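Remember, it's a predicted structure, so these values are computed and weren't measured experimentally. No hydrogens, no waters, no symmetry mates; every other heavy atom, side chains included, goes into these values. A note on names: the letters A, B, ... follow the listed sequences, proteins ahead of strands, and every chain is numbered from 1.
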2 protein chains.
Amino acid sequence: MTDSDPRPTRGRPKTLDADKVLNIALTAYWHGDPADTSVNEVCRLAGISKPSLYREFGSEDGLMRATLDTYSDRVLSDVFGILETGAGLRGTLDGLIEFASTDRRMETGCLFYKMRAGKHRLGPQTRARVEELDAAAQEAYAAFLQSCRDAGDWTGPQPVDAAARYLGEQVALAFTQRASGEDPDRIRDMLGLALSVFTVVDDDPKRKTSR
Amino acid sequence: MTDSDPRPTRGRPKTLDADKVLNIALTAYWHGDPADTSVNEVCRLAGISKPSLYREFGSEDGLMRATLDTYSDRVLSDVFGILETGAGLRGTLDGLIEFASTDRRMETGCLFYKMRAGKHRLGPQTRARVEELDAAAQEAYAAFLQSCRDAGDWTGPQPVDAAARYLGEQVALAFTQRASGEDPDRIRDMLGLALSVFTVVDDDPKRKTSR
DNA sequence: GGATATTCGTACCACTCGGTATGAAAGTCC
DNA sequence: GGACTTTCATACCGAGTGGTACGAATATCC
């Protein structure tokens with residue numbers, strides 16, 4: 001995004017590798033806590049000077065936003081992918097459960113949800129991106145559930161948007177528990193229990209579950 | 001706790017009201033974010049000097065621990081109270097749902113869960129208290145569920161401790177959503193949906209729900 | 001070679017943080 | 001009154017924060 005690549009022919013050649021800096025910032029923010037990772041530390045880890053970083057990203061907010069974009073492209077896209085596999089209600093929920101609870105990359109939680117949890121600490125650019133991604137996720141969950149409803153795969157009584165909200169928050173909770181070092185098996189059980197409300201019969205005795 | 005009240009007869013009389021400071025710190029930590037509330041700000045709000053605060057509480061960690069104890073006595077006790085009313089499975093869960101989603105005092109979330117969410121930022125004393133309270137809550141949830149099971153009021157297939165964990169995390173999620181300004185009605189619906197797994201029939205066709 | 005353009009890192013800025021040295025203030029004991 | 005004791009607040013400390021002024025370095029254009 002914002003491909004500032006007019007390739008100036010004059011001037012001292014740049015040695016700063018923006019992608020490398022982004023990768024380092026990504027792991028620093030992701031593995032630790034975004035709010036506890038300072039610009040100074042990112043510079044130290046990347047072996048660059050602070051003015052170089054500010055020239056490239058403008059501000060801490062700009063660096064965080066760019067990092068979140070990288071994360072979105074590289075990780076969140078997988079979650080959206082799961083929602084679009086068309087594996088049906090049961091299969092897709094199982095895919096979400098498996099990804100959230102046991103995927104190795106999420107061992108330290110989800111950067112997006114870490115940022116969302118500390119939204120008030122973010123700069124305006126990053127906060128706006130977080131809100132955009134949150135809305136997009138809500139949209140994707142809702143589209144998934146709507147397709148299940150249309151296919152007769154989900155007959156629950158909840159409105160689609162409320163159920164989408166619930167689904168998203170349960171997945172977020174699982175990621176947060178990953179970040180706190182909870183046992184993946186327990187997380188899977190809990191998320192499975194939370195999402196069982198979609199696949200289990202309700203009070204209506206004339207309906208029957210499939211499983 | 002640690003009633004340092006030998007009432008020295010000598011010396012300049014103290015003007016610092018520890019309870020007043022604790023109340024101010026409580027609302028500051030609770031209404032805002034514990035990690036974003038500095039000792040300087042508490043002093044400013046309380047109209048006292050920093051050395052006075054440090055003489056009374058020893059450190060920021062000591063102040064936070066004392067504040068958490070105050071919160072525990074004054075607020076968390078209500079949650080434990082709900083679990084001990086003996087209102088049965090349905091009644092107690094409804095009590096939890098109502099308290100977590102609509103109690104006015106929880107409009108800005110739960111201080112305990114805010115602290116737990118940022119546990120790595122806490123000092124050793126406060127962190128230890130958080131862990132104690134976490135264990136006590138887990139214990140209380142488990143005792144409640146066990147009593148429901150003994151009374152034949154809950155026939156779910158989950159182990160008691162796993163279900164207690166699930167229950168506690170769902171309540172915590174509701175508090176967190178309150179803190180983020182979510183609509184209480186939506187929170188009630190979501191928490192109700194999450195806890196419906198305890199009162200709804202499972203796959204076994206020979207069992208029947210009560211509701 | 002010299003003017004120009006761009007990027008580099010050092011060394012700084014003001015600010016806030018948690019925490020404390022210090023001496024004045026205000027009381028009791030004798 | 002004077003020794004003693006305890007609490008008070010001002011004024012500081014070192015460390016870390018996000019951010020920048022500035023001059024040296026390194027390239028191309030003419």
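The shortest non-hydrogen separation linking A:Val197 to B:Val197 is CG1-CG1, 3.5 Å.
The distance from atom CD1 of B:Ile48 to atom C1' of C:dT20 is 15 Å, rounded to the nearest whole Å. Between B:Tyr54 atom OH and D:dA9 atom C1' the separation is 15 Å, expressed in whole Å. Rounded to an integer number of Å, the gap from A:Lys14 NZ to D:dT28 P is 17 Å. In this structure, the NZ atom of A:Lys50 is 8 Å from the P atom of D:dT17, given to the nearest Å. Nucleotide D:dG18 holds its P atom 13 Å from the CZ atom of A:Arg121, rounded to whole Å. Distance CZ (B:Arg55) to C1' (C:dA21): 13 Å, rounded to an integer number of Å. To the nearest angstrom, C1' of C:dT6 lies 10 Å from CZ of A:Arg10. Distance B:Glu56 CD to D:dT6 P: 15 Å, rounded to the nearest Å.
In this structure, B:Glu41 CD and B:Tyr29 OH are separated by 10.0 Å, a value rounded to the nearest 0.5 Å.
Listed in residue order, the members of residues 15-46 of chain A having a heavy atom less than 4.0 Å from DNA chain C are A:Thr15, A:Leu16.
Other residues, nucleotides and ligands contribute over 12 non-hydrogen atoms within 6.0 Å of the CD atom of B:Glu132. A 6.0 Å sphere centred on NE2 of A:His120 holds more than 12 heavy atoms belonging to other residues, nucleotides or ligands.
Dashed line: the shortest gap from a side-chain N or O of B:Arg12 to OP1 or OP2 of D:dT5 is not under 4.0 Å. Applying the 4.0 Å criterion to OP1 and OP2 of D:dC8, one finds that B:Ser49 has every side-chain N and O outside that range.
Distance from the side chain of A:Thr9 is smallest to D:dT28 among C:dC8, D:dC8, D:dT28. Counting only heavy atoms from C-beta on, B:Pro51 has its side chain closest to D:dA9 among C:dG18, C:dT7, D:dA9.
Residues B:Tyr141 and B:Val171 form a side-chain contact, since some pair of their non-hydrogen atoms from C-beta on lies under 4.5 Å apart.
Note on residues 38-57 of chain B: no pairs pass ring-ring contact (aromatic ring centres under 6.0 Å, His included), not counting sequence neighbours.
Note on B:Pro13: only backbone sugar-phosphate atoms sit closer than 4.0 angstrom, heavy atoms only; bases stay farther off.
Judged purely by distance below 3.5 Å, without hydrogens or angles, the side chains of B:Glu169 and A:Gln170 never pair a donor atom with an acceptor atom.
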